Amino acid sequence: MMLKRTVGKHDKKKRPIEKAASEELKQEKSRREEGKHEKKSLPELEPLQKELKREKYKRRFRRVLRSTVSVLVVVAAVAALIATLVLPVLQIAGTSMEPSLSEGDIVALVKSGDLENGDLCAFYYSNKVLIKRVIAKPGDYLWMESDGTVVLNGEKLEEPYVTKKALGECDIEFPYQVPENHYFVMGDQRETSIDSRSSTIGCIAEDQIIGKLLCKFWPLTEFEWLA
C-alpha cells in the first residue's frame with residue numbers, strides 16, 4: 001500500500017516565510033560587508049588629514065620666517081645707518097680717560113662740531129680713534145703750572161674729573177694759544193695720557209673730530225649721560 005505525501009496548507013505558508021528570512025539574512029550580510037569596507041576606509045582619511053595639516057603648518061611657518069627675517073634685516077639696516085650717521089658707538093681702549101671712562105666701557109657719540117670746554121670728544125689720529133677731553137677752544141690762551149694746574153685765559157680751571165694733577169708728557173711752550181679751527185685736548189689720567197701737551201699729537205683740527213660723547217651705556221649698571 002503506497003502513501004502519498006500531501007502538502008498541507010501550513011507547509012505552503014512556511015516556504016514564503018523561509019524565503020523572506022533568507023533574503024533578510026542576505027541583506028544583513030551585505031550590510032555588514034559594506035560596513036566592514038567603510039570601517040576599513042576610515043583610517044585612510046587620517047593620514048591624509050595629518051599631511052594636509054603638516055603642509056599648512058609648513059606654509060605658515062615659511063610665511064612667518066620670511067616676515068621675521070625681513071623685519072630683522074630692516075631693523076639691522078636702520079641700526080647700522082643710525083650708528084654710522086647719527087650715533088656712532090665706540091668701545092674704550094686704554095686707561096688715559098680714567099676715572100671717567102675705563103677700558104671696555106661702551107659709549108655713544110653724537111656727530112657735532114659744536115664743542116665746549118669740558119666736553120669729551122672722539123677724533124681720528126693716525127688711523128686710530130682717540131677719546132680726550134676738550135680743554136681749550138680756538139683762540140684760547142693756555143698755561144700749565146708745574147703741578148699740572150691748568151690756567152685758561154688767565155683763570156685757573158676747575159677740573160673735578162681729574163683725580164691727580166700732573167704736567168705729564170709736555171714739550172710745548174707756555175703760554176700757548178690754540179690755533180684757529182683747532183682744539184686743545186687732554187686725557188683725564190694726566191700722568192700717562194699722550195695728548196695736545198705733546199707735539200706728537202698737538203691740537204686737533206675740526207675735520208679730525210668725529211663727535212662728542214653723549215652717554216656711557218655699558219656696563220648697564222654704570223649708565224651715565226656725558227653731554
Side-chain angles (χ1 to χ4, degrees), residues 83-103 105-217 222-227:
T84 304
L85 302 178
V86 183
L87 290 172
V89 173
L90 296 175
Q91 185 171 33
I92 304 301
T95 60
S96 69
M97 288 305 298
E98 289 183 348
S100 302
L101 297 171
S102 302
E103 188 165 12
D105 289 351
I106 299 178
V107 297
L109 283 71
V110 58
K111 289 205 168 186
S112 172
D114 184 20
L115 298 176
E116 298 294 335
N117 292 343
D119 285 346
L120 293 171
C121 71
F123 58 91
Y124 293 111
Y125 172 75
S126 187
N127 295 323
K128 296 177 182 177
V129 176
L130 301 181
I131 293 177
K132 303 293 180 184
R133 191 179 295 276
V134 176
I135 302 299
K137 297 189 296 183
D140 285 345
Y141 281 91
L142 187 76
W143 178 279
M144 286 192 73
E145 297 178 354
S146 58
D147 66 349
T149 299
V150 178
V151 180
L152 182 64
N153 298 325
E155 295 183 4
K156 287 186 178 181
L157 190 64
E158 294 293 330
E159 297 186 286
Y161 40 79
V162 176
T163 54
K164 187 177 180 181
K165 294 180 180 180
L167 189 59
E169 189 76 25
C170 182
D171 62 2
I172 60 174
E173 293 184 2
F174 297 110
Y176 180 85
Q177 185 179 23
V178 182
E180 286 298 316
N181 303 318
H182 286 71
Y183 290 87
F184 191 96
V185 297
M186 289 198 288
D188 291 351
Q189 189 65 262
R190 296 292 162 81
E191 284 185 310
T192 58
S193 176
I194 308 297
D195 43 49
S196 294
R197 294 172 293 175
S198 170
S199 57
T200 303
I201 293 181
C203 287
I204 305 305
E206 287 181 350
D207 59 6
Q208 291 177 260
I209 294 170
I210 303 169
K212 64 180 177 181
L213 273 63
L214 179 64
C215 65
K216 175 173 74 173
F217 64 88
E222 297 177 18
F223 180 89
E224 181 184 359
W225 291 105
L226 302 172

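Keep in mind the model is a prediction, meaning the values are calculated, not measured.
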Output all residues satisfying salt bridge (charged side-chain N to carboxylate O under 4.0 Å, His left out) with [X], sequence neighbours left out; order by chain, then residue number.
{"X": "E191", "value": "K164"}
{"X": "K128", "value": "none"}
{"X": "E98", "value": "none"}
{"X": "E169", "value": "none"}

Measuring from [X]:[atom1] to [Y]:[atom2], what's the distance to the nearest 0.5 Å?
{"X": "L152", "Y": "E158", "atom1": "CG", "atom2": "CD", "result": "12.0 Å"}
{"X": "R190", "Y": "D147", "atom1": "CZ", "atom2": "CG", "result": "11.5 Å"}
{"X": "I209", "Y": "D114", "atom1": "CD1", "atom2": "CG", "result": "10.5 Å"}
{"X": "L90", "Y": "L213", "atom1": "CG", "atom2": "CG", "result": "7.0 Å"}
{"X": "C203", "Y": "Q177", "atom1": "SG", "atom2": "CD", "result": "10.5 Å"}
{"X": "Q189", "Y": "T95", "atom1": "CD", "atom2": "OG1", "result": "6.0 Å"}

Got L142 and V150 here, is their nearest side-chain heavy-atom distance under 4.5 Å?
yes
Could you tell me if the side chain of K111 sits less than 4.5 Å from the side chain of P88, heavy atoms only?
yes
Stepwise side-chain contact (heavy atoms from CB on, under 4.5 Å) check, I172 with M144:
CA-CA 10 Å; I172 60 174; M144 286 192 73; over 6 Å; no
Using a cut-off of 6.0 Å, state whether more than 12 heavy atoms not belonging to Y141 lie near its atom OH.
no
Derivation of the side-chain contact (heavy atoms from CB on, under 4.5 Å) call for I204 and L130:
CA-CA 11 Å; I204 305 305; L130 301 181; over 6 Å; no
Return the minimal non-hydrogen interatomic distance between [X] and [Y], and the atom names on each side.
{"X": "D188", "Y": "S100", "result": "OD2-OG, 2.6 Å"}
{"X": "G211", "Y": "L109", "result": "O-CD2, 4.0 Å"}
{"X": "Y161", "Y": "I135", "result": "OH-CD1, 4.1 Å"}
{"X": "L167", "Y": "S146", "result": "CB-O, 3.9 Å"}

So, does Q208 use its side chain to make a donor-acceptor pair with the main chain of A205 at under 3.5 Å?
yes
Using modelled atom types only, decide if a donor and an acceptor are shared between the side chain of D171 and the backbone of S199 within a distance under 3.5 Å.
yes
Is there a side-chain contact (heavy atoms from CB on, under 4.5 Å) between L226 and V107 once you walk through the steps?
CA-CA 9 Å; L226 302 172; V107 297; 4.3 Å; yes
Taking only residues at least two apart or on different chains, which pairs with a member in residues 180-217 satisfy ring pair (Phe, Tyr, Trp, His ring centres under 6.0 Å)?
Y176-F184
Polar contact flag, side-chain donor to acceptor under 3.5 angstrom, T149-K156
no
Contacts under 3.5 angstrom, residues 115-127 side chains, donor-acceptor by atom type, not counting sequence neighbours:
residue	atom	partner	partner atom	Å
E116	OE1	K137	NZ	3.0
D119	OD2	E116	N	2.8
Y125	OH	T200	O	2.8

Would you please test D105 and K216 for salt bridge (Lys or Arg N to Asp or Glu O under 4.0 Å) and show each step?
CA-CA 7 Å; D105 289 351; K216 175 173 74 173; 3.6 Å; yes
Assess the residue pair I106 and I92 against the criterion (side-chain contact (heavy atoms from CB on, under 4.5 Å)); give the C-alpha distance rounded to whole Å, side-chain angles, the decisive distance to 0.1 Å, and a yes or no.
CA-CA 6 Å; I106 299 178; I92 304 301; over 6 Å; no
Evaluate side chain to side chain donor-acceptor pair (under 3.5 Å) for S96 paired with K132, printing each intermediate quantity in order.
CA-CA 8 Å; S96 69; K132 303 293 180 184; 3.1 Å; yes
